[in-house]
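Written out below as structure tokens is the structure these notes cover.
Chain A is the first sequence line, chain B the second, and so forth, proteins listed ahead of strands; every chain is numbered from 1.
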Number of protein chains: 2
Amino acid sequence: MVTKAAKKGEIKCPVTGMLQLIGGKWKPIILYCLRSEKRRFGEIAVRIPDLSRKVLTEQLKELEADGLITRQQFNEIPPRVEYALTALGQSLSPVLNEMEKWGMENIISKQ
Amino acid sequence: MVTKAAKKGEIKCPVTGMLQLIGGKWKPIILYCLRSEKRRFGEIAVRIPDLSRKVLTEQLKELEADGLITRQQFNEIPPRVEYALTALGQSLSPVLNEMEKWGMENIISKQ
DNA sequence: AATACTAGTAACAAAATGGTAACAAAAGCG
DNA sequence: CGCTTTTGTTACCATTTTGTTACTAGTATT
């Protein structure tokens with residue numbers, strides 16, 4: 001929600017601000033996937049089968065640009081790239097945990 | 001993240017499931033706006049100035065169809081419509097609270 | 001008679017996301 | 001040597017989602 005101050009550009013709604021970083025259609029799932037371990041590109045892709053590799057590449061770039069994940073590239077053949085959460089990315093854990101919990105209670109358990 | 005069972009359609013990743021309901025670009029903010037009080041269409045629109053009325057209309061319809069909010073229409077002139085969270089919508093509060101908290105700590109306070 | 005008010009809607013435009021195919025470049029194999 | 005496999009990324013194009021602008025209706029106010 002946006003306050004008067006937000007209209008002046010002084011501060012923003014915290015939820016709005018957060019959604020600018022993880023508001024994409026896939027970003028929360030990607031971060032959730034990286035929550036506990038660093039993972040290679042292909043590993044993430046396997047775990048999110050409905051996400052095309054092209055879009056995954058794009059989303060990872062944005063997450064890296066926003067400082068939520070790191071990208072470590074190994075100059076090997078075939079190529080290897082590992083993604084991991086930054087401290088800022090880790091700080092999202094409470095949000096992701098609540099999402100997971102809600103999904104468990106309201107979706108998974110009702111199937 | 002999606003397990004083997006998810007591929008068979010038996011269960012889904014809780015985060016994925018949740019994002020199917022509130023994964024839009026604006027839905028979390030709309031719910032956040034309705035968190036504590038019922039609000040008229042125009043009130044929501046004023047509080048989320050970057051969200052066009054057309055898209056707001058669409059998102060509200062989807063939220064209603066998904067059982068997260070209710071829409072109460074008063075046959076008055078000029079028209080009046082009030083939106084409010086359902087119990088299911090209320091159950092999202094912990095998620096929205098964590099989002100708010102994260103935004104406060106990581107965005108608002110760093111301006 | 002002209003204007004304001006509210007909750008939208010229609011037509012059209014832009015941005016975000018998706019599908020497919022292709023790339024490099026070393027390694028394994030016959 | 002030619003042939004295939006592997007991985008992360010990209011180019012080109014199609015589709016879906018989100019955004020802009022103008023407009024409606026019935027009553028009340030100016």
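A sub-4.0 Å separation between OP1 or OP2 of D:dT18 and a side-chain N or O of B:K27 is absent. Residue B:R40 places at least one side-chain N or O under 4.0 Å from the OP1 or OP2 atom of C:dA7. When the side-chain nitrogen and oxygen atoms of B:R53 are compared with OP1 and OP2 of D:dT24, none of them lie within a distance under 4.0 Å.
Nucleotide D:dG26 holds its P atom 13 Å from the CG atom of B:N75, rounded to whole Å. Per the geometry, CZ belonging to B:F41 stands 16 Å off P belonging to C:dC5, to the nearest Å. Atoms CD (B:E43) and C1' (C:dA7) sit 13 Å apart, rounded to a whole Å. For the pair B:E76 CD and D:dG26 C1', the computed distance is 13 Å after rounding to whole Å. For B:Q20 and D:dT17, the CD to P distance is 12 Å, given to the nearest whole Å. Atom CD of B:E64 is separated from atom C1' of C:dG8 by 14 Å (rounded to the nearest Å).
Distance from the side chain of B:R80 is smallest for C:dA7 among the nucleotides C:dA7, D:dG8, C:dT9.
Under a 3.5 Å cut-off, the side chain of A:R39 and the backbone N or O of A:C33 do form a donor-acceptor pair.
Here the side chains of B:T57 and B:F41 are in contact, with some heavy-atom distance below 4.5 Å. Within the 4.5 Å cutoff, no side-chain heavy atoms of A:L21 are placed close to those of B:N106. Contact of the B:L56 side chain with the B:Y83 side chain is not registered, since no non-hydrogen atoms from C-beta on lie closer than 4.5 Å. Side-chain contact check for A:Y32 versus B:C13: some heavy-atom pair is nearer than 4.5 Å.
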Letter per nucleotide, 5' to 3', of nucleotides 10-26 of chain C [B base touched, S only sugar-phosphate touched, - untouched; heavy atoms, 4.0 Å]: -B-----SBB-----BB

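The CG atom of A:L85 lies 8.0 Å from the CG atom of A:L68; values are rounded to the nearest 0.5 Å.
Residue contacts for A:F74: at a heavy-atom cut-off of 4.0 Å it reaches no nucleic acid atom on any strand shown.
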